Amino acid sequence: QVQLVESGGGLVQPGGSLRLSCAASGSVFRYSTMAWFRQAPEKQREFVARITPGGTAVYADSLKGRFAISRDNPKTTVYLQMNSLKPEDTAVYYCNRFDTDTWGQGTQVTVSA
């Protein structure tokens with residue numbers, strides 16, 4: 001069973017950057033597509049990005065160019081680099097083993113002056 005633990009969230013000013021990390025346990029990480037989702041207050045959870053075991057990334061159209069997903073297979077960790085952050089990026093960000101019900105606990109990102 002894979003367990004996911006996110007970290008790296010916090011409060012950042014508009015225009016700032018954050019890097020989220022998701023540490024995964026379990027040997028299936030190297031074979032798994034990993035993803036980030038986010039959920040803003042009173043909104044549905046939405047897809048942010050995913051990355052295949054080989055490193056091919058797919059992004060939500062609205063986030064292309066500002067967010068970058070990456071992974072370190074030996075460290076069984078997936079990252080989300082977020083740049084030029086906007087107040088509307090405020091949400092709880094969740095790591096997910098894509099197409100499964102395996103989720104992390106989430107990390108809060110707040111973009112505010």
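Model, not experiment: these values are computed from the prediction.
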### Message
Restricting to side chain to side chain donor-acceptor pair (under 3.5 Å), what partner residues turn up for R50, sequence neighbours left out?
### Response
none
Please tabulate, for side-chain N and O atoms in residues 27-38, each donor-acceptor pair with protein atoms closer than 3.5 Å (sequence neighbours left out).
| residue | atom | partner | partner atom | Å |
| --- | --- | --- | --- | --- |
| S32 | OG | V28 | O | 2.7 |
| S32 | OG | R97 | NE | 2.9 |
| W36 | NE1 | Y79 | O | 3.4 |
| R38 | NE | E46 | OE2 | 2.5 |
| R38 | NH1 | D89 | OD1 | 2.9 |
| R38 | NH1 | Y93 | OH | 2.9 |
| R38 | NH2 | E46 | OE2 | 3.1 |

### Task
May I ask whether F47 and W103 are part of the same hydrophobic cluster, defined by side-chain heavy atoms of I, L, V, M, F, W, Y residues being less than 4.5 angstrom apart, directly or through others?
yes
#### Entry: Co-membership, hydrophobic cluster, residues F98 and V2, 4.5 Å side-chain
no
### Summary
Contacts of Q39 meeting side-chain contact (heavy atoms from CB on, under 4.5 Å) (sequence neighbours excluded), chain-then-number -> R45, Y94
## Note on the structure
Applying side-chain contact (heavy atoms from CB on, under 4.5 Å) to S112 and not counting sequence neighbours gives L11, T110
### Query
Quick one: does Q105's side chain have a donor or acceptor within less than 3.5 Å of a partner on V5's backbone?
no
### Task
Side-chain contact test, heavy atoms from C-beta onward, threshold under 4.5 Å: evaluate it for L20 versus M82 and give yes or no.
yes
### Query
Counting only heavy atoms not in Q3, do more than 12 fall under 6.0 Å of its CD?
no
### Message
Counting neighbours of CD on Q44 that are heavy atoms of other residues, nucleotides or ligands and sit closer than 6.0 Å, is the number greater than 12?
### Response
no
#### Entry: Inter- and intrachain pairs under side-chain hydrogen bond (donor to acceptor under 3.5 Å, both in side chains), touching residues 10-20, at least two apart
S17-N83
#### Entry: Qualifying salt bridge (Lys or Arg N to Asp or Glu O under 4.0 Å) pairs, either residue in residues 54-65, two or more places apart
D61-K64
